[in-house]
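Some notes on the structure that comes next.
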Protein chains: 2
Amino acid sequence: MTRAGGRKRARPGEGARLRTELLAAAERILDAEGEDAVTVRGVAAAVGVTTPSVYLHFASRLELLHAVCLGVWDELGRCMSDAASDVDDPFSALHRRCVTYIAFGLEHPLRYRLVMNGRATEASRQVAADCFRYLAEAVEPCVAAGALRGDVGELTRALCAGLHGAVALLAPQPPEMWPHDLDTYAANTASLVVFGAAALGRLPDPSATPGSDTLAGLFTTPSVAGAVCGPPGSPTV
Amino acid sequence: MTRAGGRKRARPGEGARLRTELLAAAERILDAEGEDAVTVRGVAAAVGVTTPSVYLHFASRLELLHAVCLGVWDELGRCMSDAASDVDDPFSALHRRCVTYIAFGLEHPLRYRLVMNGRATEASRQVAADCFRYLAEAVEPCVAAGALRGDVGELTRALCAGLHGAVALLAPQPPEMWPHDLDTYAANTASLVVFGAAALGRLPDPSATPGSDTLAGLFTTPSVAGAVCGPPGSPTV
DNA sequence: ATGTCAGGTTGACGGTGACAAGTAGCGCGC
DNA sequence: GCGCGCTACTTGTCACCGTCAACCTGACAT
């Protein structure tokens, strides 16, 4: 590649400028043409620089890609913190954070896949750890208030699994296969996850196979006791 | 590539034999060295055949990879059908299938990722549809028995999301980062998912933000009413 | 023996990530 | 004002990849 457009050499100390330009170019290409189109050569050319220069700022193509994503993921952190700032009830707050997580993932499916599905890098590990922390922060008050029971770490992990699934199941699919109402999807899945987590701490033996009888115990409110599920030994199919 | 080892030409009608040999070789390489190591050239060489011959049986590298995985996924179908054959209670049966799904995914993390995370092919769509069906088969009796409420499709989709997450969260990580007790992990996450699904149909307004009060209603058994959560207007943190 | 055709091979193209080694420009110390 | 050294970047080059068009060849039916 002959130097395109006579790019000026950065002054010492301004080497990082190329880095940000590369990131911007990579982001542009990523959004416009997808992951596979982001090639080291292409990004370099878009900035007007030769290929190996990219390696002065990024150890590999993957690191470049992940660096592009990280910018967006920082936004997730803020969103999740903000999401429940006006909510007092800890369980509601947790639910809100879960909805936020899902909504965020579905807004950036490409980047989500890139960071979460590919082979792990240092950057992606950082992202995962942050996500875990944001959730754990919301789980802890729930445990303190008695809404959730059990180990905070284990609960958070289970929550993460559920949330990640909600996004990861859709992210690789073309958008036309997504549910029509994404808000409802996010709310539903978030509810599934938080209520599931709540149930976890209330199971007699968490590792046993729970039957409809366990369910009857869990989901029977005092007022409608006995009406929720059939009588003991309820009809099978 | 000079012909390695004097491979005999297959007789007409036996062309499919090379296909199975290629699959076996690809599988060997996949397990031994990971996804990236499975290259068209490498697989061909392992069988003792030239590179373009692979294209006589697989449209592309990705199709080859997916074909390798599909063999294992058929096993999942059998496993999920068998898993609950001796269980009468539909809710227990669903739980068993969920555990089976997670366990399967964690036994074949590499193949799981390959099929579920990569860009979708016809083969992977087929796989996903099968999984959905296996679960839906178990959801339906639950709905019929009243253990679950709501649309079967929607419930199944939510379940899928949770289960997929449980696997997909761990699959890309190196095994040393996995929980120590995978059985418990599978059982826990399966419980979270099925109880969460059960809760979904019992929420007053599924799309609203549920608070601890909702939780109290759901998880209070007649016998321990009032002891599960704090009194109405429970302490916040 | 010969035609046919499935089951391969040859050779090459365009593109990729990665790197070793060289070069040009800037700023600082003198 | 001048050269030294550091930094930012370039040149040139590997090794390898997936994919394809075109050609060859051996086994069988006749």
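Model, not experiment: these values are computed from the prediction. All chains are named by letter (A, B, ...) in the order of the sequence lines, taking the proteins before the strands, and each is independently numbered beginning at 1.
- In terms of the side chain to side chain contact (heavy atoms under 4.5 Å, CB included) criterion, residue partners of A:A93 (sequence neighbours excluded) are, by chain and number, A:A84, A:V87.
- Straight-line distance from the CZ atom of B:R17 to the P atom of D:dA27: 12 Å, rounded to whole Å.
- The salt bridge (Lys or Arg N to Asp or Glu O under 4.0 Å) pairs that include a residue from residues 75-84 of chain B number zero, where partners must be two or more places apart or lie in different chains.
- Contacts of B:F104 classified as ring pair (Phe, Tyr, Trp, His ring centres under 6.0 Å), with partners at least two apart in sequence or in another chain: B:W73, B:H108.
- Regarding A:L65, its CG atom lies at a distance of 12 Å from the C1' atom of C:dG17, rounded to whole Å.
- Counting to the nearest Å, the P atom of C:dA18 and the CZ atom of A:F58 are 13 Å from each other.
- Annotation: salt bridge (Lys or Arg N to Asp or Glu O under 4.0 Å) contacts involving residues 22-47 of chain B, sequence neighbours excluded, comprise B:E27-B:R111, B:D31-B:R111.
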Can you give the donor-acceptor pairs under 3.5 Å from side chains of residues 180-195 of chain A to other protein atoms, not counting sequence neighbours?
unit_1, atom_1, unit_2, atom_2, d
A:D181, OD1, A:D183, N, 3.1
A:D181, OD1, A:T184, N, 3.2
A:D181, OD1, A:T184, OG1, 3.4
A:D181, OD2, A:T184, OG1, 2.5
A:Y185, OH, A:A166, O, 2.9
A:N188, ND2, B:E154, OE2, 3.1
A:T189, OG1, A:Y185, O, 2.7
A:S191, OG, A:H95, NE2, 2.9
A:S191, OG, A:A187, O, 3.0

Determine, step by step, whether A:Y112 and A:H164 satisfy the ring pair (Phe, Tyr, Trp, His ring centres under 6.0 Å) criterion, reporting the C-alpha distance in whole Å, the side-chain angles of both residues, the deciding distance to 0.1 Å, and the verdict. CA-CA 10 Å; A:Y112 189 91; A:H164 174 57; 5.6 Å; yes
Any chance you could list the contact pattern along nucleotides 13-22 of chain D? Use B for base contacts, S for sugar-phosphate-only contacts and - for none, protein heavy atoms under 4.0 Å, 5' to 3'. ----BBBB--
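- One can place CG of A:D36 at 21 Å from P of C:dG14, the figure rounded to the nearest angstrom.
- Straight-line distance from the CG atom of A:L18 to the P atom of D:dT7: 16 Å, rounded to whole Å.
- A close approach under 4.0 Å does not occur between any side-chain nitrogen or oxygen of A:S53 and OP1 or OP2 of D:dC9.
- C:dT10 atom C1' lies 14 Å from atom CG of B:L56, rounded to whole Å.
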